Number of protein chains: 2
Amino acid sequence: MRLETIGFRSTAPRRAVLQAIERAPGPFTVEDLLGELPGVGRATVFRTIKLLQELDLLCRVPLEDGSVRYQLSEGTHHHHLVCRACGRFTEFADLELDTRIQEQAAQHGFHLQGHSLELYGLCPECGTAGVA
Amino acid sequence: MRLETIGFRSTAPRRAVLQAIERAPGPFTVEDLLGELPGVGRATVFRTIKLLQELDLLCRVPLEDGSVRYQLSEGTHHHHLVCRACGRFTEFADLELDTRIQEQAAQHGFHLQGHSLELYGLCPECGTAGVA
DNA sequence: GTCAGTGCAAAAAATTTGCATTAAT
DNA sequence: ATTAATGCAAATTTTTTGCACTGAC
């Protein structure tokens, strides 16, 4: 990890959290992580998650019911397609979309600094299964 | 109110919540509402807020820090420009944006059922003040 | 008169904090 | 040696639940 490169210490708990995240088969909650890491303190897991988000290594995805899931991030700016059935989400980026968003902000005299976009529905697998 | 029209009872607590919401000068938290309505029970305020959201009379806006604000809704589908400085938000709708979102979903073989888009930045007033 | 809606207080989540201790650099 | 990072347990914050009671229709 490049944690040390940017002034953070590479500690056992942090490495453990990282590994658990990489091991995760899909989106997870903080509680999931805690369950995977019996030896690591609650606060540490929360603190590490926060750190990883700031480093853009982890993305936080709010669901429609208000709950939150996390998933390893590809790093670059992107949005999510969230499947209501299986709960998994796919990243995608769309420059045109981002441009249009900037235009909207400009039209309202708004100084845009960030945005978040989540699409909810059924992924190809679940959508097909549901219709069939 | 048309609550009764759709099978819900028009009760004093609900009317009180509605009035408090209409009185609100800007986005508010549940706690704000509770403070305005000493006579109304916690659970009732939460239940009424949930109801109003389902009726599209109230919109729920997640902020970047994970907290949530509410604001009376214009009813139709829209997005928000959230000001990081003053906390207020403006609604806007953009058919082109929605279309592009649908296209993205289609490209991923995703059956789109809903989406949420929040823009964060500085509103005209705060942006100008900040720069000046 | 019925049953949706309410209030209350307790329970359940979800997250943060304080602080003495540990360990990375 | 410094001091960032940790663990723990307690404190907050946010939302939900159970249930007897009230009041809209």
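Every chain is numbered from 1 and lettered A, B, ... according to where its sequence line falls, protein lines coming before strand lines. Remember, predicted model here, so these are calculated numbers, not experimental data.
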Within less than 4.0 Å of OP1 or OP2 of D:dT6, is there a side-chain N or O belonging to A:T11? yes
Is there a side-chain contact between B:K50 and the phosphate of D:dT16, meaning an N or O under 4.0 Å from OP1 or OP2? yes
Rounded distance (Å) that lies between atom C1' of D:dT6 and atom CD1 of A:I49: 16 Å
Hey, which of these two, A:T44 or B:V30, hits DNA chain D nearer its 5' end, going by closest nucleotide? A:T44
Rounding to an integer number of Å, can you tell me how far A:L34 CG sits from D:dA9 P? 14 Å
For the pair made of CZ in A:R15 and C1' in D:dA4, what is the distance, rounded to whole Å? 14 Å
Going through the checks in order, is the side-chain contact (heavy atoms from CB on, under 4.5 Å) test met by A:Y70 and A:I49? CA-CA 9 Å; A:Y70 294 90; A:I49 283 182; 3.6 Å; yes
Integer-rounded Å distance: D:dT14 C1' and B:D65 CG: 13 Å
Would you please indicate if the ring centroids of A:F92 and B:H108 are separated by under 6.0 Å? yes
Rounding to an integer number of Å, can you tell me how far A:L33 CG sits from C:dA14 P? 13 Å
Under 3.5 Å, is there an N or O donor on one side and an acceptor on the other linking the side chain of A:R9 and the base of D:dA4? yes
Between C1' on D:dT13 and CZ on B:F46, what's the gap in Å once rounded to a whole number? 10 Å
NA contact type, B:V68, heavy-atom cut-off 4.0 Å: base, sugar-phosphate, or nothing? nothing
I'd like to know if A:E64 pairs up with B:R60 as an ion pair, taking the criterion as any Lys NZ or Arg NE/NH1/NH2 lying under 4.0 Å from an Asp or Glu carboxylate oxygen. no
Checking contacts here: which listed nucleotide (C:dG5, D:dA9, D:dA5) is nearest the side-chain heavy atoms of B:F8? C:dG5
Quickly work out the B:R47 CZ to C:dT6 P distance and round it to whole Å. 7 Å
Just how far, in rounded Å, is P of D:dT13 from CG of B:L63? 17 Å
Pair B:H115 + A:H80: ring centers closer than 6.0 Å: no
Without hydrogens or angle criteria, can the side chains of B:T90 and B:R88 be said to hold a donor-acceptor pair below 3.5 Å? no
First of B:R42 and B:G7 reached from the 5' end of DNA chain C, by closest nucleotide: B:G7
Does A:R14 reach a base, just sugar-phosphate, or nothing at all? Heavy atoms under 4.0 Å. sugar-phosphate
